[in-house]
Structures are given as C-alpha cells and as structure tokens.
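Note that the structure is predicted; figures quoted are calculated from it, not measured.
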Amino acid sequence: MTEPELRQLLQTITPPDEAARAAAHAHWAGLAKPLGGLGQLETMLEEAAALTETEQLEFSRRAVLVLCADNGVVAQGVSQTDSSVTRAVAQNLAARRTSVCQMAKAARCEVLPVDMGMAGEPVPGVLNSRIAAGTRDFTEGPAMTRAEAVEAIGKGIALVRAEKARGVQLLATGEMGIGNTTTSSAVAAVLLGQPIETMTGRGAGLSDEGLARKIDAIRRGIEKNQPDPADALDVLSKLGGYDIAGLCGVFLGGALEKLPVLMDGFISGVAALCAVRLCPAAEKAVFASHCSTEPAAKLVLEALNKKALITAGLHLGEGTGAVASLPLWDMALAVYNNCYSFTEGGITPYTPQC
C-alpha cells in the first residue's frame, strides 16, 4: 500500500451511526434498573452500536492481536534486557504459555501473535507480517522509512480484515518488543508537545541510571530527526516501531471494518493516537480498557477523550489489560440482552430527573 492509497482509503471511514447509538440508549433505558446505573458499561455498548451500526450486539467471538517487533534504540541501553527477550516471549506466545495466553483462556479469547519486525528468523507459530528484522536506532537517524511505516499500517489493516472474515466480532490489542516504551514515549512526547521527562517511565523496570539513559536517548532522537508534530506519519516513521505502526493500522482497520478494537495500555494508546491523528473519524473504533501505570498513559487517554474501564495498576503489556476488560463486556452484554424490562416487571419506568 502506498501513502496516497492509504489516505484515499481512510477517506472512506464514515462517522458513527447516531441512530444506532440512540437505539441502544433507548434499550438500556427500558431495562428495569436505575437509568445509567451501569455507567461506562452502558455508554461502551452504545458506542459499539454506533460503530457497528446496529443496536443488536454480539461479541462472543474475540481475539487479541499481539504485535511483536524489535527496536534499534535498544542499543542505547534503554531497557533492562536485550532484544533476545522479544523472540523468547514470541516463542512462548506461540506455545500459549505467556500471561496474556492464560488470561485470554479465561476470557474465551483467541491469541494471535504477529511478527511485525523481530530480529532473526521468523518464529514458528507466529504470523509473519514482518517489514524488516527490527527498526534502526533512532538516535542515529529515522527508525524506519515513511514507506515502511505505511506498509506496517497497511498490514495492520489487513490483519483486521482477515479477522473479520474469520467471524471475529471484537479485537483486543497487545504488543511485545523490548524498547517499545522508549519508542512510544518519544512518539507521544512529540505528538502531545509534552516534556520528555513527563512522557517517559521505567518500562519493565529501569533503575534511575537506566531511566536517565532512556530520557537522553529520546532527547537525542528527537534532536537528530526533527519530527513534525503536525504529521503523524513523520513522527511514527522517525521515532516509532513496527509494532506501533501495525497497531495504528489495527485501529484504522477497526474503523474501516466497523469492528471494536480494545486499546491495551500506553503503547497501544500511542498507536491509537497516531491512528486518530491520521484520521480523526477512526476514533469511533477505539475502546479503552485500562489506565497503565506508565506516567504518560493518562495523558494519552485524555488526548483521545477516552475513559479507562479498569484502574488496577497494570503495566505488563502483551494485551493483558485489554483482555482483562473482556469480562466487563460480557457482563454488560448479559444485562443488555437478558435483563427484564420495566413493562415485563410491572414497574413504572424511571424518568430523567435532571
């Protein structure tokens, strides 16, 4: 996919269906319970109705896409471990042994690990969508070319289309890539115009010295590449990773295919931010799951105008936070589809009092 083709495709994303949203809201209002009593669980399904263009909601088939990639900036000592861990975790994702795999099993969710650009040879059992064997070190120049960023976005869109064709109705996002809190912090700092120190956390557990190296690497990367904050593709290609670019495509694909996409934490939030900067109408497909403990996670959620369902101090990655929110979808749907109405219960309906 070329950049002009991508931009032309994004122009086909339609606004949310307000009639379907209103119908879902009216359905909630007819159920025998206090109006709005389930709070965000109600508005979440109303937003899903607006996206899918129907108030008849069914999300029993779900999958989590775990996009894996390596980042050249790891050479700057920004992580506690080296890039070999990306591959090791990808192998365990393929064997269904990791944290998200156990949580997904409990949430009746399929796990699909995807290689967007890991170092070394492809891993058996991991879907091969790789662009290259890892990005370049952004302290020395752009992490990837603009064309590579577009290619990764295109592959993310293709993943969504393939999942919809398989009958999947709800997608969760995840990632695995040593160094990707560095790339995410760099991209977010530029897009949100925030100080690097505000946007940068300890990731998987850096010491004070390691955090200082991480902040310094981001500062040098921004100075070297001079990304344009008004051009999300420029920022993404110069400072991002193939996982972030692929996830950006997943959110755009959700908007194109009218499929809800659950953000995980900070990294997928930055990908969603890139998607919305590329196409504001894509916001309709983005559903927040939790607020990560990464320092900038709340700022990203606020920039997207999204509210997290869960605040539990999660910061594991792999899509664990997104998958953890799935039981809340199930419970919301159980009430939405099965609760008795005021009429059925012989109860006078509640009316808005303010």
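- K214 and S185 form no side-chain donor-acceptor contact under 3.5 Å, judged by distance and modelled atom types alone.
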Exercise for review: Go through the steps for E294 and M199 under the test side-chain contact (heavy atoms from CB on, under 4.5 Å), then give the verdict.
Suggested key: CA-CA 8 Å; E294 277 292 300; M199 306 303 288; over 6 Å; no

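- Classification of D231 and R277 as a salt-bridged pair fails, no side-chain N sitting under 4.0 Å from a carboxylate O.
- Counting only heavy atoms from C-beta outward, the side chains of V190 and I222 approach each other to under 4.5 Å.
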* Decide salt bridge (Lys or Arg N to Asp or Glu O under 4.0 Å) for K105 and E110; before the verdict, give the C-alpha distance in whole Å, the side-chain angles of both, and the deciding distance to 0.1 Å. => CA-CA 7 Å; K105 190 182 300 182; E110 189 175 356; over 6 Å; no

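- Remark: the T14 side chain and the K284 side chain contain an N/O donor-acceptor pair separated by less than 3.5 Å.
- Between the side chain of N225 and the backbone N or O of P227 there is no donor-acceptor pair closer than 3.5 Å.
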- request: Dump the intermediate steps for side chain to side chain donor-acceptor pair (under 3.5 Å) on R220 and Q76, then the final yes or no.
  value: CA-CA 11 Å; R220 287 187 286 123; Q76 300 300 315; 2.9 Å; yes

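- Taking 4.5 Å as the limit, every side-chain heavy atom of V261 sits out of range of all side-chain heavy atoms of V286.
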### Message
Apply side-chain contact (heavy atoms from CB on, under 4.5 Å) to residues R62 and Q169 and explain how you reach the verdict.
### Response
CA-CA 6 Å; R62 65 280 293 262; Q169 301 153 313; over 6 Å; no

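- Under the 3.5 Å distance criterion, with hydrogens and angles disregarded, no donor-acceptor pair is assigned to the side chains of T43 and Q40.
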**Request:** In sequence, state the C-alpha distance, the side-chain angles, and the governing distance for V150 and T145, and then conclude on side-chain contact (heavy atoms from CB on, under 4.5 Å).
**Result:** CA-CA 9 Å; V150 170; T145 66; over 6 Å; no

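- Within a 6.0 Å radius of CD in E18, more than 12 heavy atoms belonging to other residues, nucleotides or ligands are found.
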What do the steps show when you test L309 against S289 for side-chain contact (heavy atoms from CB on, under 4.5 Å), and what is the final call?
CA-CA 5 Å; L309 286 174; S289 62; 5.8 Å; no

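- Residues M44 and F287 have side chains in contact (heavy-atom distance under 4.5 Å, counting atoms from C-beta outward).
- Taking 4.5 Å as the limit, every side-chain heavy atom of V160 sits out of range of all side-chain heavy atoms of L256.
- Using a 3.5 Å distance cut-off with no hydrogens or angles, the side chains of E283 and N305 do not pair a donor with an acceptor.
- Between the side chain of T12 and the backbone N or O of L9, at least one donor-acceptor pair lies under 3.5 Å.
- No side-chain N or O of N92 forms a donor-acceptor pair with one of T98 less than 3.5 Å apart.
- S184 places no side-chain N or O within donor-acceptor distance of the main-chain N or O of T181, the cut-off being under 3.5 Å.
- Atom CD1 of I178 sits about 6.0 Å away from atom OG of S79, to the nearest 0.5 Å.
- Side-chain contact check for K238 versus D234: some heavy-atom pair is nearer than 4.5 Å.
- Residues T135 and A143 share a closest heavy-atom pair of CB-O, 3.4 Å.
- Y336 and L45 get closest at one heavy-atom pair: CB-CD1, 3.8 Å.
- With respect to K155 and E151, a salt bridge is recorded, a charged nitrogen being found less than 4.0 Å from a carboxylate O.
- Looking at heavy atoms from C-beta onward, C68 lies out of side-chain contact with D243 at the 4.5 angstrom threshold.
- Within 6.0 Å of atom NZ in K33, more than 12 heavy atoms from other residues, nucleotides or ligands are found, so the atom counts as buried in its surroundings.
- Between G179 and V73 the shortest heavy-atom distance is O-CG1, 4.4 Å.
- Side-chain atoms of R96 and Q102 include no donor-acceptor pair closer than 3.5 Å.
- The one candidate from H27, H25, R21 that meets the side-chain hydrogen bond (donor to acceptor under 3.5 Å, both in side chains) condition with E46 is H25.
- Ion pairing of R161 with E257 is present here, as a side-chain N (NZ or NE/NH1/NH2) and a carboxylate O approach within less than 4.0 Å.
- Here the side chains of L38 and W28 are in contact, with some heavy-atom distance below 4.5 Å.
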| said: As a quick check of understanding, evaluate side chain to side chain donor-acceptor pair (under 3.5 Å) for E58 and S60, giving each step before the final call. | reply: CA-CA 6 Å; E58 172 62 44; S60 58; 2.6 Å; yes

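- Environment of NZ in K164: crowded, with over 12 heavy atoms of neighbouring residues, nucleotides or ligands closer than 6.0 Å.
- With salt bridges taken as basic N to acidic carboxylate O contacts below 4.0 Å, none links R136 and E140.
- Counting only heavy atoms from C-beta outward, the side chains of E318 and V89 approach each other to under 4.5 Å.
- In this structure a side-chain-to-backbone donor-acceptor pair under 3.5 Å is present from R87 to E121.
- E53 contributes no side-chain N or O that, together with a main-chain N or O of A50, makes up a donor-acceptor pair within less than 3.5 Å.
- No donor-acceptor distance shorter than 3.5 angstrom exists from the side chain of E148 to the backbone of S237, with no hydrogens or angles considered.
- At distances below 3.5 Å, at least one donor-acceptor pair connects side-chain atoms of N180 with backbone N or O atoms of G177.
- Between P295 and T198, the shortest heavy-atom contact is CB-O, 3.7 Å.
- Taking 4.0 Å as the cut-off between side-chain N and carboxylate O, R108 and D330 count as a salt-bridged pair.
- Closest heavy-atom contact between L191 and C274: CD1-SG, 3.9 Å.
- Of the N and O atoms on the side chains of D115 and N128, not one donor lies less than 3.5 Å from an acceptor on the other residue.
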* Determine, step by step, whether D264 and T173 satisfy the side chain to side chain donor-acceptor pair (under 3.5 Å) criterion, reporting the C-alpha distance in whole Å, the side-chain angles of both residues, the deciding distance to 0.1 Å, and the verdict. => CA-CA 6 Å; D264 184 33; T173 54; over 6 Å; no

